[in-house]
Amino acid sequence: MISAFRNWPSALFLCLIALSLLAPLLPIHDPLAMNIASRFAPPSWAFPLGQDEYGRDILSRLVWALRSAMFIAISAALLSGAIGSALGIIGGFSRGATEVLTMRSMDIILCFPPLLLAMLAVTLYGPGSLTLIPVLALVFVPSFTRVAHASVLTVRSQEYVDAARGMGAGAGRIMLRTILPNILGPLIVQFSFVMAVTVVLESGLSFLGLGVLPPAPSLGLMIGTGRATLAQAPMLLVWPCLVLSLLILVLNAFCDRLRDWFDPRHVHGTGN
Amino acid sequence: MILNRRVLIQSLAAATIPLGSRASFAQSPEKTLRIGLSTYPAHFRPWINVGYAGHLISALLNRNLLAYDTKGALVGELAESWARESDLVWRVTLRKTLFSDGSPVTSQDVKWTFDKILAKDTGAYMRDAALPIERIDIADAGTFRIVTKTPSATIPALLAYPYLAILKAGSTDEKEQGIGAGPYVLTSAEKGVEIMLTASKHYFKDKLPAIPRIRVVPYIDENLRVAALQSGDVDLIDYVPWNAMDAIAANQQLKLDAVAAGAFMYLSFNGSGPFADKRLRQAVSYALRREDIVKAVFFGHGAPLAGVPRPSVSPYFDKKLANYWTYDPEKARALLKAAGQEKGLTVTLLATSQYTMHRDIAVLVQNQLAEVGITVKTVMPDWATRVTMGNRGQGDFAVQGIGIDSLDPDAATTLIDPSLSPTFLRSRNFEVPGLSELLEKGRAEFDETKRKAIYAEIDTLVCENASFCGVAYRATGYARSKAVSGLTLLPEQLSPFSATLFDQLTIS
Amino acid sequence: MAWFLQRVALSIVLLWVVTTLVFLSIYMVPGDPVELLLSQDGAAPDRATIELIREDLGLNKPIHVQYVEKMSALARGDLGRSMVDDRPIGREIALRLPRTLELIGAAALISLLIGLPAGVVAALKQGRAFDRFASLVTGFAQGVPVFVVGTLMILVLSQLLKLMPAGGFVAYASDPIGHLKLLFMPAVAIGIGLSAILFRITRASMKDVLPLDFVRTAHAKGLPERYVIVRHVLRNALMPVITVFALQLGGLLGGTVLVEYVFNWPGLSGMLVSAVSARDYPTVTAVILVISALFIGLNLVVDILYGLADPRVRK
């Protein structure tokens, strides 16, 4: 376990989590405080990365945007993970009509490309973080269902499941206590993957004006507006681009590490 | 895998060509003006307001009876002269002009056009404004009379409205855009890709238009539109984004034509909530720092709007009334207190996230009102939802943007009178005592001095009651490469409709 | 045979469910197409006009009547007419779908030229400098969203260097060179991310196959290294690569929204976006139907191929 956390993706991932959690406690400016007089001000001691088109502190907006991206990603992944895994486990365990119903209903969602589905749903319910989370969760439910379903199929006939059944455990108890812990690995990998993809999707929607609503800071939104003020302040575009790319890089790398860790087929370190 | 080597080499070659020949695309084909347009018009049907981009195309295809010149004076286009015969009758004489198919423009075509506009099912934008017209009497092929139901001073201005082009009778049955008498003819159009226009052989102005062909390409993303101009893909763009104006003005190869007081942004109030109390409406009007909004949202390319919008070229402009609302937070707080809301008022502001200026103004209004103790919750759905919500009367107040399409003072009526039919674009659910009567009086008055007095009274009444809360004028901008000349703009609020002057453009 | 028929029937049912869902959800979306059409730039249409046009467009009929009419029209292959400009939607889609496919195809080609060979080499030289470097680069390439890449490309290639047109479209028939130039930047913007994905799958898949017995046997038989790699390793590693790649491309069918937006490429996604914001119901339904149909069709093909390759799948 220690070896898995001694590497940079996990370390950086923990740093991002810490930064997001501690954002309100950090000695940075209010990300919403405006000062039109000092719009586009260059970096200074008080504002290390300068100020944006409303004279707001860019550094604190980046931190808060990171926090909101992480919050949305984790909430959406948790929500879709919970629903998707539950459906997958129930489907895989019960078989028969229930299985067909759960898996086929997932096919319906899979018919829509994720960005398209998210866009339609946002138009339906209006933009904003509160609609974003369930919408993004919905998009990724099938992926969890499929992973859970496939894992359950391999676990279902294992001895310990039969043993639990023999001891008279109910279906619910078997699914929750016996099957779930044994398929947690792939689900956690899937969770980290969905987090990364959610960040990409959220930033894309916000970039189009369909995601996080201003004045709340969001990386996609900052990139969208930064594009407009490229001539006045190019760094306004560069900073959120950098932070977003790094965030996704870290999440992807972290996901890879988890996969290496949980995937029994892969030996740690180099192959061969 | 499935690719054979030849296909591969061909595609490799194709991928490298663009890097090799940089000169070819920067030059335009002979004498074609390439316009980068802000939107692809939803359709080419006449008389329907499809936005500024739609008007630009319409202005190239069609002509009105009258039009404004660059100083804001009415001049004849298809009409040679017009005069009031009595309180209810206007006589118009047509110039000898031809439609683009070569047939003459006659009184019959004018009458058909007005019948179409007044019909219920064309969705004509000017229908309401044209309703005072009772009938068109044809005297002969070149003369007709407009008979109104009530005395109407606004008839000449009406004839110059952007959405009142005269079309050949019956021509909309064959193609949706009909046959107009404008400088260009539509030759082909592919939705979202391009619109091709060629010069009309029968345009009535001598030797015009000078440019034989126009290719219009829509660039919905404003940054891309600017990039297309900068990289030489197009020669002229409309709706220059404010953030790019300074860069374009500084560019040696480009020229920016801008008018500061173009269309404008304002707030409308819904009297079904706390804003039924006029003191709260006033408090909002006094709490806004309009200069900051112009600076932040329009990058300084605009002007504060602190009264009822009146073009400064118009005789109805009054400097004092135009600057009625000053930034006065003390007064705003006092008004809140007087209304019993000193503990803090919470209201909902309806805006849209789809358009940057609406969104940014909502953010700034929220920020500035917080300073005087008004908590603003913003609701920002996409534009379509926002229109419906506005029409249903949701939200306590709303961010609005509009342009005025006539220099007649009556044009502001639809914005300032909350007793008109409820729509998303004006205040509603409260009354401004005496306003409707005054507006009616203003429409029926032919004497300019008396009319001026009436509109001064109207503006005072509107400001006192804050049935309209101006925020900021936004600059209208067209940008072009130096190769394009002959571009002139209409004054102030009419400037977004400057495409009526595009028949004068030349390209070297 | 029965299995194939079952798969096909299932796909058709799926398509029907999707269409119904889209139809219903669209009617729940707030916003009215007629109000919107007549409310441009702050115009205020009166109720009577709105009602008249609604009647004209058949929007006042009860929803179940509209549903039956829509479904029977679709079954006949009639996609209907746009509410905004009254043009046949089928023709519009026929015009735009090839453009989106072309964009995806060009991006796929780029990724095949970059991602696949890089993935093979990286898998063979695991842990070496190239592998580490390529893994880092692709990690980053996968992370940078398309709209960031696109924006930076426009900034550098067209605004600063003036090497490329900023965006837009001309038909290949009217200007082949211009067409390819306009295709270049959006295709690269998508191709970068796609290459990264292809690199990673190829590398992972190769890694799975390399230690297997038959590879060792081939090596032990003294076969030349290149021969072993191409004939044995690559061949066996390619199946999962093709599957994932095909599904990725399928996902791009509706996923080119951002690129089409940034580069003004008039494809299918752009059509859908503008139809949604104009609440052009028939167009929205038709475009989604076409995209899902293609997607379902692609899945069906993958399924059937798997069924042919591995009889165990046909339980």
Side-chain angles (χ1 to χ4, degrees), chain B residues 1 3 8 11-12 14-15 17-19 21-22 24-26 40 42-43 48-52 54 120-121 123 125 127-128 176 190-194 217-221 223-224 227-228 230-233 354 381-385 387-389 391 400-403 414 420-421 423-426, chain C residues 29-33 35-49 52-53 56 84-87 92 95-96 106 109-110 112-113 151 154-155 158-159 162-171 177-178 180-181 184 187 238 242 261-264 266 270-271 274 276-279:
Chain B
M1 302 167 294
L3 291 167
L8 206 68
S11 17
L12 269 175
I17 287 168
L19 292 165
S21 56
R22 59 179 288 182
S24 60
F25 74 88
Y40 192 92
H43 54 75
I48 296 174
N49 184 345
V50 276
Y52 294 140
K120 277 196 160 218
D121 60 345
Y125 178 62
R127 186 168 180 269
D128 278 352
E176 64 168 5
E190 194 190 322
K191 198 172 176 181
V193 179
E194 62 174 21
V217 184
Y219 291 90
I220 296 161
D221 180 31
N223 301 306
L224 188 66
Q230 283 167 339
S231 63
D233 298 350
Q354 197 171 333
D382 77 329
W383 178 245
T385 309
V387 168
T388 302
M389 286 175 80
N391 282 338
Q400 310 275 14
I402 205 173
T414 54
L420 294 175
S421 67
T423 94
F424 77 99
L425 74 109
R426 59 179 158 248
Chain C
V29 178
D32 179 285
E35 253 177 63
L36 203 63
L37 196 64
L38 300 178
S39 301
Q40 293 273 356
D41 275 350
D46 65 342
R47 288 271 25 128
T49 315
L52 216 74
I53 294 183
D56 229 33
V84 175
D85 60 10
D86 200 39
R87 283 183 204 143
E92 180 83 19
L95 210 60
R96 283 175 175 253
L109 188 69
I110 291 171
L112 283 176
L113 291 176
T151 305
I154 292 177
L155 174 72
S158 41
Q159 270 169 300
K162 296 193 194 294
L163 279 173
M164 288 281 157
F169 179 86
V170 286
I177 304 275
L180 291 173
K181 272 181 188 164
F184 180 76
L238 226 46
I242 293 173
Y261 173 80
V262 170
F263 289 102
N264 213 23
M271 181 177 173
S274 56
V276 168
S277 47
R279 300 293 187 269

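Keep in mind the model is a prediction, meaning the values are calculated, not measured.
Proximity to chain C is limited to the backbone of Pro218(B), based on heavy atoms less than 4.5 angstrom apart. Contacts of Glu194(B) with chain C are absent, with no heavy-atom separation under 4.5 Å from either backbone or side chain. For Ile110(C), no part sits under 4.5 Å from any heavy atom of chain B, backbone or side chain. Using a 4.5 Å cut-off between heavy atoms, Glu190(B) touches chain C through its side chain atoms alone.
Between chain B and the options Val262(C), Leu95(C), Asn264(C), the largest number of non-hydrogen pairs under 4.5 Å is found for Asn264(C). Across Glu176(B), Gln354(B), Lys191(B), the residue that shares the most heavy-atom pairs under 4.5 angstrom with chain C is Lys191(B).
Atoms CE and CG, from Met164(C) and Asp233(B) in turn, are 11.0 Å apart once rounded to the nearest 0.5 Å. In this structure, CG in Leu224(B) is found 5.0 Å from CD1 in Ile154(C), a value given to the nearest 0.5 Å.
The ring pair (Phe, Tyr, Trp, His ring centres under 6.0 Å) test applied to Tyr40(B) returns no partner, not counting sequence neighbours.
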